[in-house]
Protein chains: 4
Amino acid sequence: MANAFFSDLLSTISERGRILLGRAVPANDKQDPSELLELCEALLSGRGEASGTAMAREVLDRYHHLDATGRLSFFQTLSRDFGPDPAKLTQAIDSWRARANGDDASDLHFASEPRRQELIRRLNRAPGGTGELVSMRTDLLSLMKGNKDLAALDRDVVHLLSSWFNRGFLVLRRIDWSSPANILEKIIRYEAVHEIRDWDDLRRRIDPVDRRCYAFFHPALPEEPLIFVEVALTETIPGAIAPLLAEQRELVAVERARTAVFYSISNTQRGLGGISFGSFLIKQVAEELRRELPKLDNFVTLSPVPGFMPWVKQSTDVPLSDDDRQLLESLDKPDWFENADLAAQLRSLLEPLAAYYFLKARTSKGRLIDSVARFHLGNGARLERINWLGDLAPKGLRESAGIMVNYLYRLDDIEKNHEAYANTGEVIASSAVKKLLKGEGRRLLDMRLG
Amino acid sequence: MANAFFSDLLSTISERGRILLGRAVPANDKQDPSELLELCEALLSGRGEASGTAMAREVLDRYHHLDATGRLSFFQTLSRDFGPDPAKLTQAIDSWRARANGDDASDLHFASEPRRQELIRRLNRAPGGTGELVSMRTDLLSLMKGNKDLAALDRDVVHLLSSWFNRGFLVLRRIDWSSPANILEKIIRYEAVHEIRDWDDLRRRIDPVDRRCYAFFHPALPEEPLIFVEVALTETIPGAIAPLLAEQRELVAVERARTAVFYSISNTQRGLGGISFGSFLIKQVAEELRRELPKLDNFVTLSPVPGFMPWVKQSTDVPLSDDDRQLLESLDKPDWFENADLAAQLRSLLEPLAAYYFLKARTSKGRLIDSVARFHLGNGARLERINWLGDLAPKGLRESAGIMVNYLYRLDDIEKNHEAYANTGEVIASSAVKKLLKGEGRRLLDMRLG
Amino acid sequence: MANAFFSDLLSTISERGRILLGRAVPANDKQDPSELLELCEALLSGRGEASGTAMAREVLDRYHHLDATGRLSFFQTLSRDFGPDPAKLTQAIDSWRARANGDDASDLHFASEPRRQELIRRLNRAPGGTGELVSMRTDLLSLMKGNKDLAALDRDVVHLLSSWFNRGFLVLRRIDWSSPANILEKIIRYEAVHEIRDWDDLRRRIDPVDRRCYAFFHPALPEEPLIFVEVALTETIPGAIAPLLAEQRELVAVERARTAVFYSISNTQRGLGGISFGSFLIKQVAEELRRELPKLDNFVTLSPVPGFMPWVKQSTDVPLSDDDRQLLESLDKPDWFENADLAAQLRSLLEPLAAYYFLKARTSKGRLIDSVARFHLGNGARLERINWLGDLAPKGLRESAGIMVNYLYRLDDIEKNHEAYANTGEVIASSAVKKLLKGEGRRLLDMRLG
Amino acid sequence: MANAFFSDLLSTISERGRILLGRAVPANDKQDPSELLELCEALLSGRGEASGTAMAREVLDRYHHLDATGRLSFFQTLSRDFGPDPAKLTQAIDSWRARANGDDASDLHFASEPRRQELIRRLNRAPGGTGELVSMRTDLLSLMKGNKDLAALDRDVVHLLSSWFNRGFLVLRRIDWSSPANILEKIIRYEAVHEIRDWDDLRRRIDPVDRRCYAFFHPALPEEPLIFVEVALTETIPGAIAPLLAEQRELVAVERARTAVFYSISNTQRGLGGISFGSFLIKQVAEELRRELPKLDNFVTLSPVPGFMPWVKQSTDVPLSDDDRQLLESLDKPDWFENADLAAQLRSLLEPLAAYYFLKARTSKGRLIDSVARFHLGNGARLERINWLGDLAPKGLRESAGIMVNYLYRLDDIEKNHEAYANTGEVIASSAVKKLLKGEGRRLLDMRLG
């Protein structure tokens with residue numbers, strides 16, 4: 001209620017950004033990378049220092065008008081010619097080696113810093129610079145395919161963006177129906193898990209009392225949600241996605257909600273690829289919700305299992321008999337799940353197999369196969385439940401025969417779970433999941449393996 | 001007018017900060033640095049990663065309760081034991097040397113990064129972390145005196161803070177009488193050039209139509225002005241400070257103002273010492289003012305000359321005769337400037353001498369002697385005018401025999417001026433200043449030098 | 001930039017409103033108007049005074065649960081039994097008459113105030129009360145049909161709402177693509193002139209650089225635009241609506257715009273019917289635009305002529321010959337306007353007739369026939385141009401054979417134009433419009449009239 | 001968190017106000033009331049309607065330049081010549097009388113409305129108009145002294161301001177150390193009960209964790225707190241003011257606070273005299289505090305008793321013997337309260353007498369004598385405690401021999417207490433207060449009365 005003064009800081013940033021969007025485009029559209037590189041050298045000099053932000057602005061403007069070839073050439077030069085000064089580096093190595101106490105490598109570290117890092121920091125000074133650097137990284141990622149020589153540049157860009165998009169600089173904001181349309185439009189566009197079809201569909205996700213949406217923002221990109229999570233408040237842990245997204249459904253009175261379901265998390269900025277916000281987002285949203293609604297005591301996901309059927313089909317060490325394989329072919333029939341007998345047969349086969357997939361199966365390097373599982377288990381969550389017929393949409397059927405899972409975030413156990421997983425590779429799972437690998441489930445698998 | 005949504009981002013940050021200030025202090029006040037260092041190791045591990053921001057918060061809390069001895073010990077360990085892994089570094093050096101194309105030093109650079117850099121980045125993740133790191137730097141600066149072994153740590157801290165307080169992340173805000181009292185209180189406290197005595201004095205600096213005050217803020221420290229500048233709008237370039245600060249004075253109607261006078265610039269955060277914002281601030285404020293008041297055409301400072309009298313008194317190569325020296329002793333008389341004859345005599349001696357001080361005199365390393373001059377001339381300003389009896393306050397009399405100067409910022413000349421100064425050491429000055437070294441002024445000095 | 005503190009005032013109001021929306025609904029849905037009326041009496045008493053806002057809140061809650069019959073009965077009682085005290089009124093009349101100086105009617109005025117006025121003022125004290133009173137008025141307007149006895153109540157409600165929605169309390173806000181979705185949704189819903197089909201259509205109206213939308217808000221209803229106007233910036237005065245609303249069109253660079261076209265004005269609150277904001281809105285938006293874009297020099301509408309064809313068809317004194325009447329029947333052919341000959345014929349008939357409609361034709365009471373014309377001419381605009389084939393949408397063809405007109409707002413002439421119109425009934429029109437009644441146009445009409 | 005859009009509404013208002021303050025003042029300072037009155041007539045006409053807000057603005061500007069004589073003349077004309085139309089009024093009276101059903105007095109009411117009411121409503125349309133009307137009322141109050149003929153005008157002004165400053169339009173805001181200085185400055189200036197000496201003193205009232213300050217604002221005057229209350233959070237009900245205001249004192253941890261003490265309430269706008277906000281403020285602040293701090297269970301004032309000693313000294317029916325009177329003369333001795341024996345004697349006399357003052361003494365018209373008591377008891381509070389030596393400041397000693405009282409607001413009892421007080425004149429008091437009138441206290445008083 002009190003600090004409205006500070007609240008204007010960001011609208012200042014935001015307006016500044018808008019003014020820039022309207023700036024006149026230089027008449028000469030075709031830019032020459034060599035001129036641009038000269039300007040980069042100047043920006044690194046004392047003259048660039050004295051210019052305030054004007055020269056940085058000009059570099060970014062000229063970059064903007066390069067075509068793909070020009071950008072590739074520009075990036076290649078940065079990668080090749082904007083490294084450290086080799087003479088100084090050699091000297092620093094020698095000094096370090098000469099010293100008895102070899103551990104002060106400070107000079108060596110700074111002497112080995114590529115000049116392009118300072119260049120990027122100076123580009124960031126321009127109004128709107130941070131956003132344009134993120135866009136530049138998007139270009140870079142595209143151009144890297146087949147151009148291995150850009151890897152060193154990318155490493156530097158990622159290093160700086162990681163530092164600048166440090167969790168401490170991110171701001172959590174709730175997104176709801178009173179949020180600005182230009183933000184909401186991005187939520188529609190970037191939702192990557194369960195597509196948002198239109199504005200009505202969006203409204204059903206963010207407006208009802210039992211729905212929440214939160215995003216991380218960075219002050220330098222105030223109109224860009226960096227990552228967002230959609231949450232459903234429910235009484236019990238849900239096992240299927242369709243009822244959560246249904247157009248017609250009964251709302252859950254907030255005071256009766258005991259469970260917060262994180263059913264979709266989406267990153268939005270390709271240019272920030274490799275910089276991870278998801279774990280922080282889930283944990284902070286869980287804290288916010290617990291503060292607002294002290295009665296909540298389950299924080300779970302409802303997650304897809306994108307690697308399951310590919311593994312079943314392609315891996316050579318799946319414990320399946322020929323009969324099993326034959327049964328699995330019935331998954332190709334449309335609407336097989338409406339045949340109760342068939343579905344029951346498949347369930348008795350696939351549920352234990354899914355448990356095996358999570359608890360036992362590993363890649364040749366010993367890693368968990370499922371990328372979503374790696375994310376949540378690496379965050380310290382536990383595998384809580386395997387849900388039969390959780391997602392009957394085409395993608396869900398194709399990827400996991402409709403199976404979804406819940407990962408449970410229990411704040412007190414997160415570090416411990418992570419440790420177990422990280423040190424011993426153990427997947428922390430509920431007894432219900434483990435039980436699928438015992439008794440009848442076990443017998444079936446054993447039989448097959450035997 | 002439009003982007004109010006974004007404006008709330010920062011109030012969120014700000015409120016979060018306030019909540020933290022109220023957090024319970026652990027009962028056990030006396031902290032043990034060794035426990036703290038263990039926690040730092042954990043924070044650097046995967047467990048620290050999984051903990052979200054909690055472990056970073058705990059490190060900062062524990063640090064907070066260390067006494068000076070504990071802090072010194074903590075810093076020393078960071079400096080000594082949180083460098084890079086020597087084995088990996090040696091290997092990276094060997095690889096780099098082995099390669100034909102020696103210029104890809106990327107692996108070497110990252111292998112030489114001290115582990116404390118990542119530690120600092122992880123500490124920054126905690127809510128309020130950035131501000132606490134700035135405070136930690138303040139401690140570090142105090143403890144560095146006589147502890148050379150902290151230099152490597154300080155270099156890393158400065159490296160990260162410089163990157164995070166990049167100009168692109170700073171937000172310019174006008175400060176006026178409707179600003180929050182907790183911000184204004186800091187303006188009073190931190191004003192370093194012309195003391196603000198009380199709230200009435202403050203009001204005279206920020207409230208009248210012909211006065212402005214601007215500050216840079218960082219989104220992660222929304223209640224802390226990092227640097228601020230006080231501006232007077234005037235018709236002509238002023239030569240003395242007292243009339244600008246007088247309690248009773250005639251206001252200048254804004255439409256008649258042609259000159260913006262930057263008469264005071266103050267940094268506020270000791271912990272950000274060595275990270276320079278001043279040049280950016282002056283240039284952006286000049287742009288803002290020009291946009292608001294297109295009739296403004298002079299952007300000048302009214303600056304002290306803190307090194308002048310020390311130089312006159314202590315330097316061995318000041319072109320002064322014995323008679324001159326004797327005349328200068330009259331500066332010790334109280335209120336000498338009220339004696340018109342004496343003042344005239346002193347003026348004919350000191351004005352050319354001041355011109356000499358700026359244009360000719362240099363340190364043994366060839367640098368300009370005056371720190372304020374180095375700042376403005378390094379920014380690309382030009383030395384516009386030497387003002388006799390510009391500051392009759394005790395400090396002004398003591399430091400510069402009352403002389404003040406104007407530095408002129410002409411945006412179109414900034415790069416050029418900087419270049420001349422940087423490359424050839426030439427001080428760009430107005431013809432009026434140069435003339436002081438010619439004609440009569442020249443003759444006097446020559447005579448003395450002769 | 002400075003006054004963020006105050007900006008929070010309204011978000012406070014707005015949040016308060018949201019909290020209320022979530023309030024528990026009393027179990028007993030069926031309300032008894034008589035209990036409600038007792039509560040109204042209590043609210044008017046000292047007890048109501050002491051209750052703060054609680055009793056007002058309760059009255060509004062109970063009203064909310066009345067069905068239509070209950071509401072009618074409630075309104076009837078307010079109309080019948082909550083008038084002034086007849087005894088006091090009689091006494092005040094007598095006092096007034098007795099006085100030599102009959103002009104101090106103050107006692108009489110206050111003695112004649114119906115008690116329901118104070119009741120409504122006290123209801124307004126409840127949080128969210130203003131909005132609920134506006135809704136109540138909406139109910140009242142529905143129930144008034146056929147219930148003449150509610151007129152006195154309505155007169156009091158309108159009297160108070162007019163006073164509370166005084167222009168001085170309204171705030172103009174620009175609506176754009178960064179406005180909250182819940183506001184934008186209302187723009188879609190309430191657009192009354194040229195339907196907004198969906199969110200994409202909305203975006204085309206408010207997001208491009210050459211489009212503007214402004215609304216008046218009242219601080220007590222911060223989420224409700226009361227009236228809004230859509231504006232197109234163009235180079236010249238447009239004569240047709242379709243190009244303005246086209247999906248694909250060339251944007252007008254803002255610096256080349258000379259004309260602001262008010263092409264749609266919509267009221268949103270039925271409950272504020274009879275309280276006019278439009279004239280203030282147009283004038284303030286014109287001022288805002290002129291401040292932002294000093295090169296704008298035409299402020300015009302592009303308006304429908306809803307009364308034209310009904311007048312042509314139904315009025316007895318339309319100067320049309322039988323041949324003309326026959327020609328007009330061709331308007332029933334689909335796409336008649338694509339037949340160039342026919343269209344030309346119709347044009348030579350209908351343009352002069354439209355000029356006659358505006359300049360000469362009057363109702364039996366001597367008023368202008370066209371409601372839109374009455375609004376703009378009453379505001380002091382002048383009739384600038386009659387546009388043939390301005391609106392080929394079904395409604396436009398039906399209402400005005402596709403004719404649209406421009407009304408020109410020239411701020412310096414507004415009072416003068418209004419005076420002429422108000423005092424002498426003269427419609428101020430451009431010479432182009434007047435010329436349609438001279439020369440050939442005149443001849444045609446004369447001929448017909450002859 | 002969500003509704004930032006709306007939050008900008010008021011900053012718009014606020015900025016608009018500031019722009020106006022800077023508006024050029026007409027050269028001709030001396031205004032002629034007769035021209036102004038002509039302009040008022042024009043404003044009431046259709047021409048005024050068409051002018052938007054320009055003509056209202058001009059009336060206010062011209063008024064601003066009238067001197068006191070001009071203003072008096074202006075007000076007198078409004079009072080005399082801007083009443084209702086007598087002919088229409090007479091006709092409305094006749095119609096009303098003629099009707100069988102005499103209760104529809106609607107026409108009569110509107111016919112008797114003075115034209116100045118509509119004039120004031122139209123003046124309010126001007127930007128900043130509301131604030132200027134409040135100032136105009138301040139002038140009016142000054143000029144009314146000795147000018148009875150202005151009463152009718154004042155009645156109309158108050159009628160409209162009451163309606164516009166309806167509690168439903170007021171917004172409660174917390175004032176703290178992050179509030180804008182221009183607001184805080186007004187808190188210092190307007191504090192009427194316990195003077196705030198300077199900014200440090202202010203800070204002690206609003207910044208510590210156990211202090212609160214709240215104000216009502218009106219959206220049309222966003223920089224003016226209309227009324228504010230200062231609150232101390234304490235463990236028990238305090239009996240003296242000095243410890244609450246002490247420079248050095250122990251803070252109360254918020255979680256241990258059980259009592260909210262309203263120790264100062266001040267109105268700020270003379271021009272709103274007679275329009276009461278205090279009761280609403282206390283009740284809403286109590287609700288806010290209870291929501292924030294559910295453990296609070298006492299809401300009390302610590303109030304002066306300004307009428308006590310005047311009553312003791314001047315009233316003829318004070319139950320005091322000659323000996324008592326003589327004892328009371330010792331109150332004239334400086335620092336009498338430091339003489340323990342004397343103080344004890346005085347206490348046994350004055351405490352019962354104070355109880356009598358509240359519970360029994362009445363004015364000739366039967367009203368409570370104490371204005372502060374009338375306010376709080378009329379609001380439904382109960383007299384909780386009489387505090388001996390509560391206020392040893394000169395004013396407190398003079399007014400009440402140092403006695404202060406606590407009034408207790410118990411939300412559930414407010415209506416009931418008010419009813420008892422309003423209907424039977426009964427002062428609801430705690431048994432402790434009543435007991436002072438029994439037993440020994442009673443005996444003393446009886447004796448005296450006997």
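What you are looking at is a predicted structure, and each value in this text was computed from that prediction instead of being measured. Residue numbers begin at 1 in each chain, while the letters A, B, ... track the order of the sequences.
Per-residue counts of heavy-atom pairs under 4.5 Å with chain C were compared for D:Arg122, D:Glu415, D:Gln117; the largest is that of D:Glu415. Interface check for chain D: of the options C:Gly46, C:Gly129, C:Ser45, the most heavy-atom pairs under 4.5 Å are formed by C:Gly46. Considering only heavy-atom pairs separated by less than 4.5 Å from chain D, the leading option among C:Gly380, C:Gly52, C:Ala126 is C:Gly52. Contact tally against chain C (heavy-atom pairs below 4.5 Å) for D:Ala151, D:Ser51, D:Ser279: the top residue is D:Ser51.
The nearest pair of heavy atoms linking D:Thr53 to C:Arg167 is CG2-CG, 3.9 Å. Taking both residues in full, the closest heavy atoms of D:Ile414 and C:Ala50 are given as CG2-O, 3.2 Å, listed atom of the first, atom of the second, then distance. Here the closest non-hydrogen pair linking D:Trp96 and C:Pro86 is CH2-O, 4.3 Å. Between C:Ile93 and D:Arg97 the shortest heavy-atom distance is CG2-NH2, 3.5 Å.
With a threshold of 4.5 angstrom between heavy atoms, D:Asp107 approaches chain C through its backbone and through its side chain. Looking at C:Leu123, neither its backbone nor its side chain comes within 4.5 Å of chain D, counting heavy atoms on both sides. In this structure, the portion of C:Thr130 lying under 4.5 Å from any heavy atom of chain D is its side chain and not its backbone. Only the side chain of D:Glu419 comes within less than 4.5 Å of a heavy atom in chain C; its backbone stays farther off. Only the backbone of C:Asn379 comes within less than 4.5 Å of a heavy atom in chain D; its side chain stays farther off. Contact annotation for C:Thr90: both backbone and side-chain heavy atoms come within less than 4.5 Å of a heavy atom of chain D. Interface remark: D:Glu287 contributes no atoms to any contact with chain C (heavy atom separation under 4.5 Å). With a 4.5 angstrom heavy-atom cutoff, D:Leu160 touches chain C only via side-chain atoms.
In the displayed structure, D:Arg290 atom CZ is contacted under 6.0 Å by at most 12 heavy atoms of other residues, nucleotides or ligands.
Atom CZ of C:Arg116 sits about 6.5 Å away from atom OG of D:Ser106, to the nearest 0.5 Å.
In this pair, C:His109 and D:His159 present their aromatic rings perpendicular. The plane angle is above 60°, beyond the 30 to 60° band.
In this view, C:Ala54 satisfies the side-chain contact (heavy atoms from CB on, under 4.5 Å) rule with no residue, not counting sequence neighbours. By the side chain to side chain donor-acceptor pair (under 3.5 Å) test, D:Asp149 is found to be paired with D:Gln76, residues two or more places apart in sequence or in another chain being considered.
Under the 4.5 Å side-chain criterion, counting only non-hydrogen atoms from C-beta, C:Trp164 is in contact with D:Ser163.
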